[in-house]
Number of protein chains: 2
Amino acid sequence: MSIHLYGYWRSSATYRVRIALNLKNIAYQYHPIHLVKDGGQQYSEDYLRMNPSGLVPAFIDDDEDFTLNQSLSIIEYLDERYPEPLRFLPNHALDKARIRGVAQDIACDVQPLANLRVLNAITELGGDANARTAWAVKWIEKGFTAIEKRLQTRAGKYCFGFDVTLADIVLIPQVYNAKRFGVDMTKYPLIASIDENCNELEAFQLAAPENQPDAT
Amino acid sequence: MSIHLYGYWRSSATYRVRIALNLKNIAYQYHPIHLVKDGGQQYSEDYLRMNPSGLVPAFIDDDEDFTLNQSLSIIEYLDERYPEPLRFLPNHALDKARIRGVAQDIACDVQPLANLRVLNAITELGGDANARTAWAVKWIEKGFTAIEKRLQTRAGKYCFGFDVTLADIVLIPQVYNAKRFGVDMTKYPLIASIDENCNELEAFQLAAPENQPDAT
């Protein structure tokens with residue numbers, strides 16, 4: 001078995017998949033795709049053949065025909081295919097839906113609005129560096145405000161009780177991103193404490209952007 | 001059993017859930033939340049209690065405690081909880097991941113970039129009506145270009161072979177949206193033919209925005 005992850009150290013979607021692979025104790029080969037160098041290596045012919053969206057990550061399990069994209073889809077694949085040593089989702093449909101809901105609050109309504117290609121589009125619209133930051137912070141804060149409320153009656157040490165779930169895997173890279181943009185995390189005490197608890201785990205530490213071979 | 005869907009006729013995330021409910025033959029009560037009237041009814045205190053994100057849809061199955069948000073999460077809940085008469089996802093982890101990937105290509109990387117709150121933010125940045133449309137079209141075309149390639153070796157009558165899946169449920173509302181923005185669908189012949197095939201099914205027809213009680 002051979003697992004390949006194509007991504008970028010600072011891409012929070014790649015970061016999610018790294019956490020998931022580490023939690024599953026799956027060894028993998030990491031192939032850096034530099035999102036800025038060479039006009040963006042994600043737009044090279046070779047990469048687009050793997051992932052025509054020109055976005056990271058891309059993921060290959062075993063065979064070239066098995067290329068997957070979309071981090072949430074990759075993570076659920078890993079969860080189904082490699083159930084040990086822990087599951088990212090519980091069995092009950094309702095509990096699953098709540099956890100997926102929080103993961104999607106970030107993966108649909110926060111991260112895609114504040115990633116590199118969208119911030120570049122803001123610049124093209126005439127926005128300066130401050131406008132780019134304000135744009136990113138706006139969506140991150142909207143998302144965190146909702147999630148902080150949503151988790152109020154659910155959280156334990158992690159987003160949903162005392163087991164790490166898909167929600168934590170998606171939340172922590174967004175907190176990393178929020179800090180980069182200067183978001184004041186004291187406004188979100190529950191998220192901040194979940195972030196702290198997750199970052200005590202080796203699987204999260206090893207997945208952190210600054211610990212990747214392509215970090216600069 | 002009593003199912004409640006809170007949404008808006010033109011919201012493509014709500015439209016997805018309507019299609020899913022119809023395909024499952026589930027009767028439901030539809031509660032219109034007008035996204036513009038009264039400064040946006042999704043920001044009312046009552047609605048925010050159900051869904052602190054202030055986004056539609058929200059979904060309730062049976063009991064007030066069971067409020068769900070995020071359309072993909074709601075649709076997978078329906079699929080697990082009500083497996084008959086058809087499943088939206090196959091059994092194999094890899095096939096599931098590919099289908100979820102296409103659904104997320106839209107639900108993460110297209111729709112959230114071109115919805116009402118983001119288009120309003122473009123106006124706040126100084127963009128006029130043309131800039132709003134150009135912004136929406138840009139992300140829709142990027143997404144459709146990738147999906148058209150991705151489905152090339154997979155599509156049958158629908159996105160993945162000859163059964164309707166989660167991918168179709170998410171794709172068709174995005175095509176509706178694309179047409180509103182004047183996207184030339186002849187550039188995406190595969191997506192256009194899947195759209196046509198899906199819209200022959202009653203479940204899709206009944207879910208269409210113009211057939212909702214709150215359509216104006």
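Proteins get letters first, then strands, A, B, ... in listed order; numbering begins at 1 in each.
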Inset, instruction - Over all heavy atoms of both residues, which pair between B/Ala97 and A/Ser73 is shortest? Give the atoms and the distance, please. - result: O-OG, 2.6 Å
Inset, instruction - Would you mind telling me which of B/Asp79, B/Ile147, B/Ile122 has the largest number of heavy-atom pairs within less than 4.5 Å of chain A? - result: B/Ile122
Inset, instruction - May I ask you to check whether over 12 heavy atoms, not counting those of B/Asn91, lie within 6.0 Å of atom CG? - result: no
Inset, instruction - Find out whether B/Trp139 and A/Arg117 are in side-chain contact, i.e. whether some heavy atom of one side chain is under 4.5 Å from a heavy atom of the other. - result: yes
Inset, instruction - Name the member of A/Leu68, A/Asn69, A/Leu78 that forms the most heavy-atom pairs with chain B at distances under 4.5 Å. - result: A/Asn69
Inset, instruction - For the pair B/Ser53 (side chain) and A/Ala146 (backbone), establish whether a donor and an acceptor sit closer than 3.5 Å, ignoring hydrogens and angles. - result: no
Legend entry - Greater than 12 external heavy atoms within 6.0 Å of A/Asp128's CG: yes
Legend entry - Side chains of A/Gln70 and B/Asp109, donor plus acceptor under 3.5 Å: yes
Legend entry - Best-contacting candidate, B/Gly127, B/Ala131, B/Ala121, B/Gly143, against chain A by heavy atom pairs under 4.5 angstrom: B/Ala121
Legend entry - Between B/Asp105, B/Leu55, B/Leu125, the one whose heavy-atom pairs under 4.5 Å with chain A are most numerous: B/Asp105
Legend entry - Interface moiety of A/Leu48 toward chain B, non-hydrogen atoms closer than 4.5 Å: neither
Legend entry - Point-to-point distance, once rounded to the nearest 0.5 Å, from SG of B/Cys108 to CG of A/Leu72: 5.5 Å
Inset, instruction - Supply the atom-to-atom distance A/His92 NE2 to B/Tyr77 OH, rounded to the nearest 0.5 angstrom. - result: 7.0 Å
Legend entry - Ionic contact status for B/Arg98 with A/Glu76, cut-off 4.0 Å: no
Legend entry - Straight-line distance of A/Asn115 CG to B/Leu113 CG, nearest 0.5 Å: 7.5 Å
Inset, instruction - Would you mind telling me which of B/Ser71, B/Ala93, B/Ala103 has the largest number of heavy-atom pairs within less than 4.5 Å of chain A? - result: B/Ala93
Inset, instruction - Find out whether A/Arg150 and B/Asn51 are in side-chain contact, i.e. whether some heavy atom of one side chain is under 4.5 Å from a heavy atom of the other. - result: yes
Inset, instruction - Enter the distance from B/Ile74:CD1 to A/Arg100:CZ here, rounded to the nearest 0.5 Å. - result: 12.5 Å
Legend entry - A/Val118, part contacting chain B, at a heavy-atom distance under 4.5 Å: both
Inset, instruction - Would you mind checking which part of B/Glu124 comes under 4.5 Å of any heavy atom in chain A, side chain (CB onward), backbone (N, CA, C, O), both or neither? - result: side chain
Legend entry - Top of B/Lys138, B/Lys149, B/Gln104, B/Glu148 for chain A proximity - count of heavy-atom pairs under 4.5 angstrom: B/Gln104
